[in-house]
There are 2 protein chains.
Amino acid sequence: MTCALEYAPQLRARGYRMTPQRMAILHVLRHAETHLSPAEIYKKARLEAPGLTEPTVYRTLEFLADIALVRPSFSSSGHLTYEMAGNDHHHIVCRDCGGEVEVEHTLLESLYRLLETTSGYRSINSHVTFFGVCPNCQAK
Amino acid sequence: MTCALEYAPQLRARGYRMTPQRMAILHVLRHAETHLSPAEIYKKARLEAPGLTEPTVYRTLEFLADIALVRPSFSSSGHLTYEMAGNDHHHIVCRDCGGEVEVEHTLLESLYRLLETTSGYRSINSHVTFFGVCPNCQAK
DNA sequence: TAAGTTGTTGTAAAAACTTGCAATAAGGAT
DNA sequence: ATCCTTATTGCAAGTTTTTACAACAACTTA
Ligand SMILES: [Mn+2]
Ligand SMILES: [Mn+2]
Ligand SMILES: [Zn+2]
Ligand SMILES: [Zn+2]
């Protein structure tokens, strides 16, 4: 739980505050080995921060995504899930079974540079989810 | 409104049915010049199909996306919007102002082939939304 | 044209997500 | 330690999206 304290200076430096609610949510995300939905995060984080409410979870996740501490991505059902930032990667999800696999960010880097030059947009660094059909489901 | 009738054979060939509700929704999408949210589609389509309900709109859009007649994509707020399929393209959305621009699908084609060979997934043909900062917002 | 099969719809309710606002408390200043 | 400012929270209510299931109606067949 105290592992989340290491983010406090980053927040304060930008005018934000560290709170028990944010600590609990960051702690949950740090120890997750997969993406989590807001509901899952709420269920786990409230154990550490009793009194935590769902609106706070949603607001906190959006906040943490804004300051780039966490990454949102879309699950196979199209809903938002969250994970800690760092270790850039993307996802391919199977349209049939929902099975998921990670993609190295390096595979997309040249595309991002291409998009930036052709569109004029900058800082394109989306966490993208692609959809396809996995090897298993191709068998059918 | 009758323009939607041309999709009837496609549906029937696959065991599905054409209904007034689906006609109205397809008609709205055919004449839209931008992406529409389920709520917008509901408001317009109910004029053609009185008695149409929101659950039907959501179910129909998911159905039409499944059979690849329409394309879902994420708006700047992260919500799903829909447009007719055909004319492959993608989007870049500005993180600041939400401004949006289209991207030729051809720019992504070699990436898709690369993803297919490295992941084993097939038929990767997502309609992707990238996020960045538009030229206007870069000025600030 | 009538009957049967089953894909689709509306209804009602639940679940998921968002919003406005007053009360709270984090962290800087004294 | 105490005070102050204001970022953040909880509460309550609203909106959006999903679900279960019985009634309905599109299409096939005879
Ligand atoms: Mn991920
Ligand atoms: Mn589009
Ligand atoms: Zn699969
Ligand atoms: Zn912009």
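All chains are named by letter (A, B, ...) in the order of the sequence lines, taking the proteins before the strands, and each is independently numbered beginning at 1. We use all heavy atoms of the structure for the numbers below, so side chains are in, but hydrogens, waters and symmetry mates are not. Keep in mind that this is a model prediction, so the values were computed, not measured.
- One finds no salt bridge joining R59(A) and E62(A) here, because no Lys/Arg side-chain nitrogen approaches an Asp/Glu carboxylate oxygen to under 4.0 Å.
- The structure places OG of S119(A) at 4.5 Å from CD1 of I124(A), a figure rounded to the nearest 0.5 Å.
- Taking atom CG on D66(B) and atom C1' on dT8(C), their separation rounds to 15 Å, with Å as the unit.
- Relative to the axis of its first five pairs, the axis of the last five pairs of the helix from dT1(C)-dA30(D) to dT30(C)-dA1(D) sits at 30°, rounded to 10 degrees.
- Of the side-chain N and O atoms in T19(B), one or more sit less than 4.0 angstrom from OP1 or OP2 of dT9(C).
- Two residues, L80(B) and M18(B), neighbour DNA chain D, and the one matched to the more 5' nucleotide by heavy-atom proximity is L80(B).
- At a threshold of 4.0 Å, the pair E40(B)-K43(B) does not count as salt-bridged, since none of the basic side-chain nitrogens sits closer than that to a carboxylate oxygen.
- In this structure, S126(B) OG and R71(B) CZ are separated by 8.5 Å, a value rounded to the nearest 0.5 Å.
- Taking only side-chain atoms of Q21(A), from C-beta outward, the nucleotide of dT8(C), dG10(D), dT8(D) with the closest atom is dG10(D).
- Atom CG of L11(A) is separated from atom C1' of dT8(D) by 12 Å (rounded to the nearest Å).
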N/O donor-acceptor pairs under 3.5 Å from side chains in residues 3-12 of chain A, not counting sequence neighbours:
residue, atom, partner, partner atom, Å
E6(A), OE2, R30(A), NH1, 3.2
Y7(A), OH, R30(A), NH1, 3.1

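- Distance, M23(A) CE to dT8(D) P: 15 Å, rounded to whole Å.
- The distance between atom NE2 of H79(A) and atom C1' of dT16(D), rounded to the nearest whole Å, is 11 Å.
- The CZ-P distance, from R12(A) to dT8(D), rounds to 12 Å in whole Å.
- Under 3.5 Å, the side chain of R17(B) and the base of dT6(C) form at least one donor-acceptor pair of N or O atoms.
- For the residue pair V57(A) and Y42(A), the shortest heavy atom distance occurs at CG2-CD1, 3.8 Å.
- Ion pairing between a basic and an acidic side chain is recognised when a charged N comes within 4.0 Å of a carboxylate O; D66(B) and R95(A) show no such pairing.
- The CZ atom of R22(B) sits 9.0 Å away from atom CD1 of I25(B), with the distance rounded to the nearest 0.5 Å.
- When each of V28(A), V70(A), T81(A) is checked for a side chain to side chain contact (heavy atoms under 4.5 Å, CB included) with L36(A), only V28(A) meets the rule.
- Of the residues in residues 26-63 of chain B, P55(B), Y58(B), R59(B) come within less than 4.0 Å of DNA chain D through at least one heavy atom, sorted by number.
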